[in-house]
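Because the structure is a prediction, the values reported are computed rather than measured. Note that these values count all heavy atoms, side chains included, but never hydrogens, waters or copies made by symmetry. Just so you know, ligand 1 is whichever comes first in the structure, and atom 1 is the first atom listed for that ligand.
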Amino acid sequence: MIYLPTCHSTNDIAAEIVHAGLFSEGTIVITDDQLSGRGQRGTKWVANPGENLTFSIILAPQFLEIDNQFLISQTIALGIRSYVASYLAETQVKWPNDIQVNGKKICGILIENSIQGANLKSSIVGIGLNVNQLSFENSFATSLSTETEEAFVLSDEFQKLARHIDAYYLRLRSRKQDKELRDEYLNNLYGYSNDVKFSYQERIYSGRVSAVSKQGKLSVRLSTGEEIADLGLKEIVWIKS
Ligand code: BTN
């Protein structure tokens with residue numbers, strides 16, 4: 001574990017370690033104060049210093065074919081979800097891999113893979129979990145403290161979270177539970193069991209998730225019965241309510 005009181009981005013530090021070939025699987029870069037946190041789709045990840053868990057795990061999933069790489073996202077999201085659900089049972093995964101509670105985001109995940117031949121070589125799993133922070137610029141963000149009205153010891157929560165992620169990663173590494181992991185992901189997905197709103201090609205629709213492909217593409221069944229299949233990350237925007 002590499003602890004940095006402050007740094008630009010733990011994912012960037014982890015990438016430097018990977019490029020230098022200095023890592024062993026499970027190396028973690030963790031900081032109290034991330035100055036240039038990166039989010040999905042080129043966004044910024046901002047978190048109050050010292051109040052949250054901000055870290056990156058370096059994995060070496062060389063057992064996983066490129067075609068199956070979305071399983072990493074699903075596995076990590078499920079591990080984090082099960083940790084958050086130990087406090088807040090209604091926690092869901094929002095496709096592709098946000099963790100949300102009562103419609104509000106509690107954790108963001110940024111996964112950056114490198115490949116070698118037909119398989120993955122390394123995977124940098126960046127996690128920003130809102131723990132003790134109580135106020136957010138974004139009204140659709142929340143934290144463990146906001147939801148439970150308790151204060152948490154960050155090091156204790158890190159250990160618990162790491163155990164949940166580890167248990168799920170070991171299931172993936174066994175290569176015997178791909179189907180179970182995919183099914184569990186679907187069953188815990190926002191919009192799988194009930195209709196939700198989203199925008200697609202500048203129109204607003206209501207419908208529910210009908211499938212997530214091996215490659216991580218999303219299919220939705222509209223409330224009118226029609227299906228929109230194989231959507232990529234940038235093609236659909238969930239409408240928060
Ligand atoms: C998102 O939801 O947009 C993903 C956010 C990921 C944030 C984490 S914080 C630790 C790691 N380092 C980064 O620069 N980003 C990830």
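- Looking at Lys105 against ligand 1, only its side chain comes within 4.0 Å, counting heavy atoms.
- If you number the atoms of ligand 1 from 1 as listed, the ones under 4.0 Å from a heavy atom of Gly37 come out as 14 (O).
- The existence of a salt bridge linking Lys160 and Asp156 is excluded, since no basic side-chain nitrogen approaches an acidic carboxylate oxygen closer than 4.0 Å.
- Salt-bridge annotation for Arg171 and Glu184: present, with a side-chain N of the basic residue lying under 4.0 Å from a carboxylate O of the acidic one.
- Checked for salt-bridge contact, Lys214 and Glu65 miss the test: no charged N lies under 4.0 Å from a carboxylate O.
- The closest heavy-atom contact to atom 14 (O) of ligand 1, among the options Pro96, Ser9, Cys7, Gly126, comes from Ser9.
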Exercise. Evaluate side-chain hydrogen bond (donor to acceptor under 3.5 Å, both in side chains) for Gln40 paired with Asn97, printing each intermediate quantity in order.
Key: CA-CA 10 Å; Gln40 290 169 22; Asn97 59 12; 2.6 Å; yes
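- Taking atom 5 (C) of ligand 1 as the reference point, the nearest protein heavy-atom neighbour is Trp45 CE3, 3.4 Å.
- Polar contact check, Thr54 against ligand 1: no nitrogen or oxygen pair lies under 3.5 Å apart.
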Practice problem: In sequence, state the C-alpha distance, the side-chain angles, and the governing distance for Tyr185 and Val93, and then conclude on side chain to side chain contact (heavy atoms under 4.5 Å, CB included). | Solution: CA-CA 8 Å; Tyr185 176 83; Val93 179; 3.7 Å; yes
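- For ligand 1, the atoms lying closer than 4.0 Å to a non-hydrogen atom of Phe55 are 10 (C).
- Look at Arg173 and Glu25 and you find a salt bridge, because one of the NZ, NE, NH1 or NH2 atoms lies within 4.0 Å of a carboxylate O, short of that distance.
- Below 4.0 Å from some heavy atom of Thr10 lie the following atoms of ligand 1, by number and element: 10 (C), 11 (C), 12 (N).
- The ligand atoms of ligand 1 that sit less than 4.0 angstrom from a heavy atom of Gly128 are 8 (C), 9 (S).
- Counting heavy atoms only, Gln40 comes closest to atom 3 (O) of ligand 1 of the residues Gln40, Glu112, Gln34, Arg38.
- Donor-acceptor pairing under 3.5 Å is lacking for the side chains of Asp98 and Tyr190.
- With a heavy-atom cut-off of 4.0 Å, Asp98 touches ligand 1 through its side chain alone.
- Contact check for Ile13 versus Ile2: no side-chain heavy atoms found under the 4.5 Å cut-off.
- Heavy-atom contacts of Gly39 reach the following atoms of ligand 1: 1 (C), 3 (O), 4 (C), 5 (C) (cutoff under 4.0 Å).
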